[in-house]
Protein chains: 2
Amino acid sequence: MNDTATLQTPAPAEPKTLVEAAYNRLRRDIIEGVHPPGEKLRVEHLKDQYEVGAGTLREALLMLVTDALVVGQGQRGFRVAPISLADFEDITRTRVLLETEALRQSIARGDEAWEAALVAAFHRLSRAEQKLAEHDVSTTEEWEVRNRAFHEALIAACPSRWIRHFQHILYQQSERYRRISLFRQPIPRDIHAEHQAIFDTTLAHDATRATSILSEHILRTLDAVKRMPSDFFTAKTAR
Amino acid sequence: MNDTATLQTPAPAEPKTLVEAAYNRLRRDIIEGVHPPGEKLRVEHLKDQYEVGAGTLREALLMLVTDALVVGQGQRGFRVAPISLADFEDITRTRVLLETEALRQSIARGDEAWEAALVAAFHRLSRAEQKLAEHDVSTTEEWEVRNRAFHEALIAACPSRWIRHFQHILYQQSERYRRISLFRQPIPRDIHAEHQAIFDTTLAHDATRATSILSEHILRTLDAVKRMPSDFFTAKTAR
DNA sequence: TCAATATTAAATCTCGAGATTTATACAAGC
DNA sequence: GCTTGTATAAATCTCGAGATTTAATATTGA
């Protein structure tokens with residue numbers, strides 16, 4: 001396999017409409033914290049910034065409501081969804097519930113094609129983590145993409161579209177917390193060991209251990225946030 | 001308590017914007033099968049039918065995408081979400097997963113106010129089921145409202161907003177299946193016994209039995225649909 | 001000085017017309 | 001006869017301006 005340094009992940013489908021393009025850009029900016037939690041999203045200002053019509057931007061905002069990244073309040077416009085420790089704890093625990101069940105089903109019903117794709121995703125992730133260990137910070141963004149791809153590959157064989165749908169939303173949410181909390185501090189080294197363990201037990205069809213390790217893997221991010229300064233969320237959500 | 005025949009359920013908040021009004025009407029029509037699964041939703045036609053502007057109707061459609069009652073395909077307009085036996089099975093099993101977990105947490109953390117509200121909701125539901133047993137068909141619609149209210153009251157003390165959010169979406173989905181399948185055939189009598197058992201075990205804080213009974217209660221609707229003619233879904237989704 | 005009201009400004013919501021894209025029908029060619 | 005290509009028609013997507021609602025400011029009275 002030609003896995004060079006610039007290996008690409010499967011294309012995420014080009015946006016064919018202006019609404020989708022604005023939606024993608026806005027989503028990215030919200031997840032990356034360009035628009036902080038609680039910020040008022042005024043259509044009049046944003047339509048210039050994103051070079052698009054007013055109605056078009058409104059539709060993009062409505063699509064973001066679907067992802068729960070934006071909240072719309074009747075006749076009082078839109079806001080970036082606020083954040084809180086309680087919310088992140090909720091997101092994390094619900095993720096554990098859904099993702100472990102998805103992995104269980106995936107292991108039970110996954111075929112060889114699923115295993116092959118999982119091996120490939122893990123290999124890509126490992127490469128990125130290897131570079132990260134070598135202090136190649138430029139790989140951080142690529143690591144995030146591949147980490148997500150790995151987690152999705154794990155549960156790809158889960159036949160429940162609904163579980164995968166909800167998992168997708170929650171993962172997106174937790175990604176926003178990770179970026180904003182700027183505990184995007186260097187990814188700890190032992191995280192690769194965790195991924196390795198999840199990968200091994202999953203391929204061995206050991207559902208019990210795999211889900212157990214996955215649980216702790218997800219919950220670990222929760223502990224990290226709980227060690228943040230206590231006024232962190234109130235400060236971010238203010239105004 | 002003044003529980004007369006015309007007892008009302010807590011008001012569902014009046015829509016203050018045209019978009020919300022159109023959204024509510026459209027949602028209702030889709031759930032009730034006025035717009036069958038797979039039907040193309042042409043903005044030009046619907047804007048007259050719902051007496052609203054084109055852009056306004058588009059926004060209402062986007063809001064329905066959030067509920068997964070409508071699917072939007074890039075540059076090719078909107079459609080009513082299709083149905084299938086596999087989808088209903090998925091919805092039902094995911095509902096069991098979420099609703100049992102929610103009930104577990106609700107029992108663990110519910111206070112007296114929660115218990116009081118649950119008693120009230122169960123009482124209202126019992127009244128409706130009593131009338132239904134007397135062949136008073138006019139109560140069917142009110143029963144559906146109260147049944148939903150009862151299920152929500154069960155998990156009202158669950159602290160997870162996300163689980164409740166997802167549960168809300170799934171309940172809405174299964175309600176559409178129930179109506180469309182017109183196995184809105186007379187509600188079987190022993191359903192009250194099931195509700196009674198769920199209610200009793202929940203109030204007794206017996207989480208194990210309560211969740212077990214709730215599981216079977218939800219799964220029972222799945223068996224009913226599986227006995228439908230095999231071409232039912234293909235016929236409905238056609239075109 | 002504080003509370004309540006009236007006035008002003010801003011932002012949202014709403015609408016219909018124009019520009020692009022997609023789907024359909026028909027004819028020509030292999 | 002079937003496929004390919006073109007032309008027509010329909011529907012969607014996009015935009016900016018006008019009507020309503022909400023928020024902010026200034027004024028008046030106690």
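Treat the numbers as computed from the prediction; the structure is a model and nothing was measured. Protein chains get the first letters and strands the later ones, always in sequence-line order, with residue 1 at the start of each.
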D:dA11 phosphate, OP1 or OP2, under 4.0 Å from B:His45 side-chain N/O: yes
Output yes when A:Arg148 and A:Glu144 qualify as a salt bridge under the 4.0 Å nitrogen-oxygen rule, no when they do not. no
Whether A:Arg76 contacts C:dT12 is assessed here as follows: a side-chain N or O lying under 4.0 Å from the phosphate OP1 or OP2. Is that the case? no
Spacing between A:Phe78 atom CZ and C:dT12 atom P, to the nearest angstrom: 9 Å
Nucleotide of C:dT14, C:dT21, D:dC15 approaching B:Val19 most closely (side-chain heavy atoms): C:dT14
For atom CD of A:Glu20 and atom C1' of D:dT12, their distance in whole Å: 13 Å
Tell me whether B:Tyr177 contacts the main-chain N or O of B:Ser84 through its side chain, where contact means a donor paired with an acceptor under 3.5 Å. yes
Side chain of B:Leu18, heavy atoms from C-beta onward: which of C:dT12, D:dC15, C:dT14 has the nearest atom to it? C:dT14
Measure the acute angle between the ring planes of B:His165 and B:Trp162, then classify it against the limits of 30° and 60° as parallel, tilted or perpendicular. perpendicular
Selection from D:dT14, C:dT12, D:dT12 that lies nearest to any side-chain heavy atom of A:Lys40: C:dT12
Hey, is the main chain of A:Cys158 close enough, under 3.5 Å, to the side chain of A:Arg164 for a donor-acceptor pair? yes
Can you tell me if the side-chain N/O atoms of A:Thr17 get under 4.0 Å from OP1 or OP2 in D:dT12? no
Please report, rounded to the nearest Å, how far the C1' atom of C:dG16 is from the CD atom of B:Glu51. 17 Å
Would you mind classifying the nucleic acid contact of B:Gly72 as base, sugar-phosphate or nothing, using non-hydrogen atoms under 4.0 angstrom? nothing
Rounded to whole angstrom units, what separation is found between the CG atom of B:Leu61 and the P atom of D:dT12? 9 Å
Indicate, with a heavy-atom threshold strictly under 4.0 Å, whether B:Leu41 touches base, sugar-phosphate, or nothing. sugar-phosphate
Start at the 5' end of DNA chain D and walk down; is the nucleotide closest to B:Gln73 or to A:Lys47 reached first? B:Gln73
Between P of C:dA19 and CD of B:Gln75, the distance in whole Å: 16 Å
Within the structure shown, what part of the strands sits under 4.0 Å from A:Gly77 by heavy-atom distance: base, sugar-phosphate, or nothing? sugar-phosphate
Is A:Glu44 touching bases, backbone alone, or none of the nucleic acid, heavy atoms closer than 4.0 Å? base
Taking the nucleotide of DNA chain D with the nearest heavy atom to each, does B:Arg42 or A:Gly53 sit closer to the 5' end? B:Arg42
Going by distance alone, is a donor N or O of one side chain under 3.5 Å from an acceptor N or O of the other, for B:Arg95 and B:Ser174? yes
